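Here the structure comes first, spelled out in structure tokens, and everything after it is commentary.
None of these values were measured; they are calculated from a predicted model.
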Amino acid sequence: MTPHELSVARQRLETFAAEMFAPMARSDQRAKGATYLRGLLLDGRRKSMQPMAQRLGVDHQALQQFVTTSTWDTWAVRARLARRAIEVVEPVAWVIDDTGFPKDGKGSPCVARQYSGTLGKVANCQIGVSVHAVTDTASSPLDWRLFVPTSWDDQACDAATGPQVATRRDRCGIPGQERHRPKWMMAVEMLDALIEQGLRPPLVVADAGYGDSSQFRGALDERGIGYIVQVKGDALAHAPDVVAVPRVWSGRGRPPTRTGLRYPDTAVSLAVHVRAAGRDAAVTLTWREGSKGAMSSQFVFLRVRPAGHRITRADDGTLPERWLIAQWPEGESEPVKYWLSSLPADTEPADLIRYGKIRWRIEHDYRELKTGLGLDHFEGRSWTGWHRHVTLVTAAHLFITMLRLDPKAAAPV
């Protein structure tokens, strides 16, 4: 926002900041929160402490102290932001994703050489896992977690490197309970935390980094949360009409330890299921209007029973039936994308594609959060500082979203 745009929205911003920062106990904390928001919203190439302070004409050490060592409750503020975001966005789905934060040095918390889908390669970076409320026209982050690589978990290191890692963790203020775990598990933890606040996803959408985990899909099933997630084509599944049968002991050798129903060895890859259906089974669907016109492609819709010993079964021991969706554009010899969905069997194909493709809003989110609001500009080296910075950036993004959705507001483009 330009200084003029910010001045026009100043009263609205102060009202918003007062509401969102109400959990902060002290008035000086609330005032610094509002100042930090102005710094994030104001145009400028860098949104780290010193450049923001210079543009605002304030002491950068005061901003740094507010973010890194002040005593305000980050999670209480984030919970308030999440509730407001749900009210404003009225989401049709929650999207789970992660993004990379490139770093030059080794001192920032949880920085390591690791693969980042954002960067498309292995690089020296931090990874943030996030949950977003989305519609076709708006979105807002609801929660964030900083991924802990194994190299930052002293309990996962050997006796020689463990003490060094412990020292590095202490230097960054990483809480003792924060250990390495898969990103899908962090996503489930965030969903549980949001559900505890009374916020429940209408639907969860995720890419193959999460969808390929049958444990992640099982965790959603256990919580009664519907999903449509991208998966790789080599995942195995049975045809929907395959019947499980009781296990029979031949009388030789040891009796089987597993006594439930078993499926015959008929599981094949999702790609094989789609190829068997054939290219003629594909239908053309449009999911949204893009900048260059309607976005459409060809899709195959099948019902399958995903296979695997980690798949959550029904009480009678049967594998659940799921939607298999494959995008198979004209001119392609093979499908290019696959999804599995737990949505009801009578769900319209157009709705399945709309939800499966709605992840594009998150790419828009990340781009705006980084290029416009300085999400990845934080230069501090503390765990608390990182989580507070992304919380404040989330507040700035929500404020802009509110302006855009209010036809009476002078919203920035």
Side-chain angles (χ1 to χ4, degrees), residues 85-86 88-99 117-118 130-142 187 201-212 216-217 220 225-233 235 270-271 273-275 277-304 306 322-369 401 404-405:
I86 294 295
V88 170
V89 174
E90 297 182 341
V92 298
W94 291 7
V95 176
I96 292 168
D97 211 334
D98 53 74
T99 188
T118 310
S130 54
V131 178
H132 304 243
V134 300
T135 67
D136 293 311
T137 58
S139 56
S140 180
L142 300 177
L203 174 71
V204 163
V205 179
D207 66 11
Y210 299 86
D212 278 336
F216 174 66
R217 302 196 307 268
L220 298 179
I225 300 172
Y227 62 80
I228 178 166
V229 293
Q230 200 168 337
V231 292
K232 294 187 179 69
L270 302 181
H273 280 286
V274 176
R275 285 198 297 266
R279 183 69 183 74
D280 291 341
V283 295
T284 301
L285 290 172
T286 298
W287 60 92
R288 70 179 177 90
E289 288 292 324
S291 58
K292 298 181 180 179
M295 302 189 72
S296 62
S297 187
Q298 292 70 46
F299 301 89
V300 175
F301 298 86
L302 301 173
R303 298 292 286 174
V304 297
R322 297 289 181 248
W323 277 110
L324 164 58
I325 306 114
Q327 183 175 352
W328 198 343
E330 289 184 6
E332 296 287 345
S333 60
E334 296 280 340
V336 296
K337 290 181 180 178
Y338 300 87
W339 294 264
L340 286 174
S341 176
S342 65
L343 289 176
D346 60 355
T347 304
E348 291 293 330
D351 289 334
L352 289 169
I353 296 306
R354 176 195 171 202
Y355 297 140
K357 290 287 189 177
I358 209 166
R359 277 190 60 253
W360 76 273
R361 285 296 321 181
I362 303 311
E363 302 306 322
H364 180 277
D365 267 6
Y366 285 147
R367 185 166 57 252
E368 182 171 63
L369 287 161
T401 300
R404 287 177 178 151
L405 294 177

Please tell me if the side chains of L340 and P306 come closer than 4.5 Å, counting only heavy atoms from C-beta onward.
yes

Mind checking the CH2-CH2 spacing from W339 to W323? Nearest 0.5 Å is all I need.
14.0 Å

Evaluate side-chain contact (heavy atoms from CB on, under 4.5 Å) for R217 paired with V229, printing each intermediate quantity in order.
CA-CA 9 Å; R217 302 196 307 268; V229 293; 3.9 Å; yes

Point-to-point distance, once rounded to the nearest 0.5 Å, from CG of L405 to OG1 of T137
6.5 Å

Decide yes or no for W94 and I225: does some side-chain heavy atom of the first lie under 4.5 Å from some side-chain heavy atom of the second?
no

Anything under 3.5 Å between a donor and an acceptor, one on a side chain of residues 345-356, the other on a protein residue two or more places apart or in another chain? List them.
unit_1: T347; atom_1: OG1; unit_2: P344; atom_2: O; d: 2.7
unit_1: R354; atom_1: NE; unit_2: D136; atom_2: OD2; d: 2.8
unit_1: R354; atom_1: NH2; unit_2: D136; atom_2: OD2; d: 3.1

Tell me every residue that passes side chain to side chain donor-acceptor pair (under 3.5 Å) with T99, counting only those two or more places apart in sequence or in another chain.
T118, K370

What pairs with E334 under side chain to side chain donor-acceptor pair (under 3.5 Å), at least two apart in sequence or on another chain?
R275

Residues at least two apart in sequence or cross-chain that pass side chain to side chain contact (heavy atoms under 4.5 Å, CB included) with R279, listed by chain then number, are A282, Q298, W328, E330

Among residues at least two apart in sequence or on other chains, which ones pass salt bridge (Lys or Arg N to Asp or Glu O under 4.0 Å) with R322?
D221

Apply side chain to side chain donor-acceptor pair (under 3.5 Å) to K337 and list each qualifying residue two or more places apart in sequence or on a separate chain.
none

Run the side chain to side chain contact (heavy atoms under 4.5 Å, CB included) test against S140 and tell me which residues pass, sequence neighbours left out.
A85, V89, H397, L398

Qualifying salt bridge (charged side-chain N to carboxylate O under 4.0 Å, His left out) pairs, either residue in residues 291-300, two or more places apart:
none

With sequence neighbours excluded, tell me which residues meet ring pair (Phe, Tyr, Trp, His ring centres under 6.0 Å) with Y366.
H132

Using the test salt bridge (Lys or Arg N to Asp or Glu O under 4.0 Å), find all partners of E332 that sit at least two apart in sequence or belong to another chain.
none

Test side-chain contact (heavy atoms from CB on, under 4.5 Å) on L270 and L302; report intermediate values, then the result.
CA-CA 10 Å; L270 302 181; L302 301 173; over 6 Å; no

Under the side chain to side chain donor-acceptor pair (under 3.5 Å) test, residues paired with R303 that sit two or more places apart:
E321

Atom of P335, atom of A326 and distance for their closest heavy-atom approach
CB-CB, 4.1 Å

Minimum side-chain heavy-atom gap R288-W360 below 4.5 Å:
yes

Measure the spacing between OH of Y210 and CG of D98 and express it to the nearest 0.5 Å.
3.5 Å

So, S139 side chain and A133 main chain: donor-acceptor pair closer than 3.5 Å or not?
no

How long is the straight-line distance from NZ of K357 back to OG1 of T286, given to the nearest 0.5 Å?
11.5 Å

Between F216 and G211, which heavy-atom pair has the shortest distance, and what is it?
CD2-N, 4.5 Å

If you measure from OH on Y227 to CG on L203, what distance do you get to the nearest 0.5 Å?
11.0 Å

What residues form a salt bridge (Lys or Arg N to Asp or Glu O under 4.0 Å) with R359, not counting sequence neighbours?
D97, D207, E363

